[in-house]
Amino acid sequence: CFKRENCLDIMEAGGGEGGSAATMYHLQPRDPQHSPSLLSPSAGEICAFKIHGQELPFEAVVLNKTSGEGRLRAKSPIDCELQKEYTFIIQAYDCGAGPQEAAWKKSHKAVVHIQVKDVNEFAPTFKEPAYKAIVTEGKIYDSILQVEAIDEDCSPQYSQICNYEIVTTDVPFAIDRNGNIRNTEKLSYDKQRQYEILVTAYDCGQKPAAQDTLVQVDVKPVCKPGWQDWTKRIEYQPGSGSMPLFPGIHLETCDGAVSSLQVTAELQTNYIGKGCDRETYSEKSLQKLCGASSGIIDLLPSPSAATNWTAGLLVDSSEMIFKFDGRQGAKIPDGIVPKNLTDQFTITMWMKHGPSPGVRAEKETILCNSDKTEMNRHHYALYVHNCRLVFLLRKDFDQADTFRPAEFHWKLDQICDKEWHYYVINVEFPVVTLYMDGATYEPYLVTNDWPIHPSHIAMQLTVGACWQGGEVAKPRFAQFFHGSLASLTIRPGKMESQKVISCLQACKEGLDINSLESLGRGIKYHFNPSQSILVMEGDDIGNINQALQKVSYINSRQFPTAGVRRLRLSSKVQCFGEDVCISIPDVDAYIMVLQAIEPQITLQGTERFWRPAAQFESARGVTLFPDIKIISTFAKTEASGDLRATGTAPKSAVLEEMLHNLDFCDILVLGGDLDPRQECLELNHSELHQRHLDATNSTAGYSIYGVGSMSRYEQVLHHLRYRNWHPTSLETRRFQIKCSELNGRYTSNEFNLEVSVLHEVRVSDTEHVNHLIVQPPFLQSVYHPETRSSIQRSSVVPSIATVVIIISVCMLVFVVAMGVYRVRIAHQHFIQETEAAKEAEMDWDDSALTITVNPMEKHEGPGHGEDETEGEEEEEAEEGMSSSSSGSDDSEEEEEEGMGRVRHGQSGTSSQRPERSTWNTAGVINIWK
């Protein structure tokens, strides 16, 4: 038996975890009846220990059989993390009575309990690779977040985390033993919006973590109600259509209770053009585009030779805006506006006006028709007085002899707000209606007056001031206007419709909503007429957010005005009950409209041609531009695909064609105006009306105007004709075309055309026939007669000498052709003889002939052949050659072919073209290339 029963407490010792430990035990027999020493010599010894259990990593060995000392040791490495304790049963065996160990006796069972001692094998690890927290600026937190690490060791000493530490230096944070991170000072969003710190952990054995963990702390500003996730600068590319302005916007209420919300989006474009981006065509072109009635008179046109009364005014040429500083006015010449406007007429204008500068406001005249001399009566006038718009209309006694309405007053805030507004005054006497920016306004005050007494005093129509011709020592302007005017027109005899008025003042840019059908329920919205203001209202914040994300900007102009458009978003909030409502600041953003691609307008066609004099005298005249082409291109930059050689992508410009409208083409006469007694430019009005274009004609040229496509202008220019009743005195006429888009914003090249008259070449009787004749490249043949009568005869019927010569030439060609054929088939040693025979055959009497070589042959350029052929054909058509002359031409062509074959057979290396010979009626051969 064991000396101590059930008291073995074997613990790992020595090598520790993973090693083999041993413990000695003393075993002494205590059997009084069967003592091992009494039975046999070895019966009192201990021979073995037996461990009862399955797959235990221990074994017991005997060290001393006599004393019973043994050792308990590990058979394999022991891991505390796999098993911390072992409990098993052990028994001792004596050596028995015989050699076969049959009589071995075993002791009682003893319980062995083993505890494995741990070593600090593993380092701490964090549960998360990174931690993130969001804090609000200006607060001290007890705990922003908690980090946690673990250790895989088995003992409490090494498996517990005893400390955490922030590795990053100079950060306003601290950490305690439990991993709680706090800030040591108040954080500022403006100073730093994000912190990144590294944290490590230590176990109780002071072993640090294998890898530090990252802690990210985001600082957000103090919660302020307002719109979030919007962009201050919004770029708009021309031609991109409708573009969302706030694709990700949403409202932050900071948990405030909101019952309803009203949002107003305002596009501020008052500094663009006349209040917004509109078409910059001329007023006449715009009137026609909008379908206005004809007969409109522009009182503020662009300064020109025909409209010179605006030459002295201050003008912004880009938009044709006239500025009046209170010291100038313009007289409208007589005959521009009829004296009697009838009971129906319309006055339209753009006006920008502010409060009057003086303490006592005086009348500021926009339009005035007053007596030119002797008296100072105002027949009709439009003026501003104390921020009121007043229209005066005094009838004559021959039109009315009763007390009638004379002054119509409108009081509107827009008259003095220093912004652009469009005004239309429709007069249907005695009713006068004002339209401002498309809205209708009735006069708040109408005063009556007696008609004006009839007189023979002439009247003066003025703009920007009123003409005071009487009651003063010297006639002068008075009641000057302070402000800006544009597109001031008057239309006698007819009123404009509401549709035309809305079209004339419509903006080409504004706010829009993409997909109205997808707006949330309960959303109400409203646009102003110009679509520069959008109001949305609802009681659900989420629906309002979605609706605002669909608000977009659109500009329908092909070439919009580049620049900034300010955008403002204001909000009104209503809360439940008597709760204090939150205040939402406005959103101030801007839209940057980028520069549109500028077109390059090019005019192409024939730049010089000749026509017979008879064609200039004909009823149809000469068509000036039969093949004119109008092409518009723009340069598109493309990156080259060769990146290997240079390493960068070189850019190359590629011209691409684009389509757009034109608004006028001017055809100018160069080198002096037309003489109406003998020349003119003509164009059928039907050609213009079919293409919705207009034109004006003068001695300086022709002007075609109206908004139309380039193809329409081409078609009209193809029909422009020039006539001259006395072309004998005319050598050359030069014309120039220049076209425009957007009232001169984009202009074409200056295309020049030179037209010349074909005159007959007449030679005096005394001139010798052997003189060299210099033939123009556009003439087919030169007549060199001996008498004037022969010229007349030769122009109608060929002479007998001509017929004889032609027959002789034909026979000669036949003989030469046969000689060439025989030369080719003969043997080479007969060539010299054959040539001698051929020369003998070609030797014919030429005593009556003279060969004249064209001296211009060596000066001809490569392109003269086509002009020569064209001139020959035109001369043949003009002269009307008879059938006999046609036969002569055929003979000439046969002769040319025969001579060409002869030269080809004699010299195969010759590169010159065959010479061409023509017989004239006087027996003179003219030879030229």
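All of these numbers come straight from a predicted model, not from anything done at the bench.
In this structure Phe122 satisfies the ring pair (Phe, Tyr, Trp, His ring centres under 6.0 Å) test with no other residue, sequence neighbours excluded.
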Practice task
Please lay out, stage by stage, how Tyr93 and Phe49 fare under the test ring-ring contact (aromatic ring centres under 6.0 Å, His included).
Solution key: CA-CA 6 Å; Tyr93 290 82; Phe49 297 100; 9.1 Å; no
Exercise for the section: Check the pair Lys127 / Glu148 against salt bridge (Lys or Arg N to Asp or Glu O under 4.0 Å), numbers first and verdict last. Expected result: CA-CA 6 Å; Lys127 288 186 175 181; Glu148 185 177 359; 2.8 Å; yes
Practice task
May I have the step-by-step check of side chain to side chain contact (heavy atoms under 4.5 Å, CB included) for Tyr525 and Ile513, ending in yes or no?
Solution key: CA-CA 10 Å; Tyr525 67 93; Ile513 297 179; 4.0 Å; yes
Exercise for the section: Give the intermediate values and the outcome of salt bridge (Lys or Arg N to Asp or Glu O under 4.0 Å) for residues Lys132 and Asp218. Expected result: CA-CA 8 Å; Lys132 186 175 182 179; Asp218 293 333; 3.7 Å; yes
Exercise for the section: For side chain to side chain contact (heavy atoms under 4.5 Å, CB included), just list the numbers for Lys84 and Val116, CA-CA rounded to whole Å, side-chain angles, deciding distance to a tenth of an Å, and then say yes or no. Expected result: CA-CA 5 Å; Lys84 296 180 180 181; Val116 181; 5.5 Å; no
Problem - Candidate pair Ile90 and Phe58, rule side chain to side chain contact (heavy atoms under 4.5 Å, CB included), full reasoning - result: CA-CA 11 Å; Ile90 189 173; Phe58 299 101; over 6 Å; no
Exercise for the section: Apply the test side chain to side chain contact (heavy atoms under 4.5 Å, CB included) to residues Asn120 and Asp153: give CA-CA distance (whole Å), side-chain angles for both, the deciding distance (0.1 Å), then the verdict. Expected result: CA-CA 7 Å; Asn120 199 356; Asp153 290 316; 3.0 Å; yes
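Between Ile181 and the options Val217, Asp176, Leu145, a side chain to side chain contact (heavy atoms under 4.5 Å, CB included) holds for only Leu145.
Across Ile46 and Ala92, no two heavy atoms sit closer than the pair CG2-CB, 4.3 Å. Residues Ser240 and Tyr236 approach most closely at OG-CE1, 3.3 Å, considering heavy atoms. Taking each heavy atom of Gly138 and Lys186 in turn, the nearest pair found is O-CD, 3.6 Å. Counting all heavy atoms, side chain and backbone alike, Glu185 lies closest to Ile140 at C-CD1, 3.3 Å. Nearest heavy atoms, Pro208 versus Pro124: O-CD, 3.3 Å. Ser143 approaches Asn180 most closely through the heavy-atom pair OG-OD1, 3.5 Å.
In this structure, the side chains of Gln146 and Asn178 come closer than 4.5 Å at one or more pairs of heavy atoms. Counting only heavy atoms from C-beta outward, the side chains of Met536 and Val551 approach each other to under 4.5 Å. Using a 4.5 Å heavy-atom cutoff, the side chains of Glu509 and Ser556 are not in contact. Residues Asp229 and His250 have side chains in contact (heavy-atom distance under 4.5 Å, counting atoms from C-beta outward). Counting only heavy atoms from C-beta outward, the side chains of Leu567 and Leu245 approach each other to under 4.5 Å. Looking at heavy atoms from C-beta onward, Leu56 lies in side-chain contact with Ile51 at the 4.5 angstrom threshold. Between Gln262 and Ser571, every side-chain heavy-atom pair lies at or beyond the 4.5 Å cut-off. Considering only heavy atoms from C-beta on, Ile114 stays 4.5 Å or farther from Glu85 through its side chain.
A distance of 6.5 Å separates CE in Met658 from CD1 in Ile597, rounded to the nearest 0.5 Å. With rounding to the nearest 0.5 Å, the separation of OG1 in Thr269 from CZ in Arg565 is 7.5 Å. One finds the CG atom of Leu594 at 5.0 Å from the CD atom of Gln237 (value rounded to the nearest 0.5 Å). Note that CG of Leu267 and SG of Cys276 are 9.0 Å apart. Values are rounded to the nearest 0.5 Å. The distance from atom CD of Glu121 to atom OG of Ser159, rounded to the nearest 0.5 Å, is 12.5 Å. A distance of 10.0 Å separates CD1 of Ile134 from CD of Gln194, quoted to the nearest 0.5 Å.
A donor atom on one side chain and an acceptor atom on the other are found under 3.5 Å apart for Asp277 and Thr561. When only modelled atom types and interatomic distance are considered, Ser259 and Asp539 share no side-chain donor-acceptor pair under 3.5 Å. Between the side chains of Tyr131 and Gln216, no donor-acceptor pair is found at a separation under 3.5 Å. Side-chain contact, Ser530 with Asn528: a donor N or O sits under 3.5 Å from an acceptor N or O. Inspection of the Asp212 and Thr200 side chains reveals an N or O donor paired with an N or O acceptor under 3.5 Å. Side-chain contact, His52 with Gln91: a donor N or O sits under 3.5 Å from an acceptor N or O. Side-chain contact, Thr633 with Glu657: no donor N or O sits under 3.5 Å from an acceptor N or O.
Here Asp94 does not pair with Lys105 in a salt bridge; the nearest charged N to carboxylate O distance is not below 4.0 Å. Glu235 and Arg233 are joined by a salt bridge, as a carboxylate oxygen and a charged side-chain nitrogen come within less than 4.0 angstrom of each other.
Under the 3.5 Å distance criterion, the side-chain polar atoms of Lys550 are left unmatched by any main-chain donor or acceptor of Pro244. A distance-only check finds no donor-acceptor pair linking the side chain of Asn64 to the backbone of Gly68 [under 3.5 Å]. Judged by distance alone, with hydrogens and angles left aside, the side-chain atoms of Arg557 form no donor-acceptor pair with the main-chain N or O of Lys508 at under 3.5 Å. Glu45 places no side-chain N or O within 3.5 Å of a backbone atom of Cys95 that could act as its donor or acceptor partner. A donor-acceptor pair is defined here as one N or O able to donate and one able to accept, closer than 3.5 Å; such a pair exists between the side chain of Glu252 and the backbone of Cys254. The backbone N or O of Thr136 lies less than 3.5 Å from a partner atom in the side chain of Tyr141, making a donor-acceptor pair.
Counting non-hydrogen atoms of other residues, nucleotides and ligands closer than 6.0 Å to CD of Gln83 gives a total above 12. Residue Gln531 places its CD atom among more than 12 non-hydrogen atoms of other residues, nucleotides or ligands, all under 6.0 Å distant. The 12-atom threshold is exceeded at CZ of Phe634, counting heavy atoms of other residues, nucleotides or ligands nearer than 6.0 Å. Enclosure of atom CD in Gln192 by more than 12 non-hydrogen atoms of other residues, nucleotides or ligands within 6.0 angstrom is indicated.
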Using atom types as modelled, flag every donor-acceptor pair under 3.5 Å from a side chain in residues 165-175 to any protein atom, sequence neighbours excluded.
unit_1 : atom_1 : unit_2 : atom_2 : d
Glu165 : OE1    : Tyr202 : OH     : 3.3
Thr168 : OG1    : Leu198 : N      : 2.8

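Under the 6.0 Å cut-off for aromatic ring centres, His660 and Tyr746 do not qualify, their centroids lying 6.0 Å or more apart.
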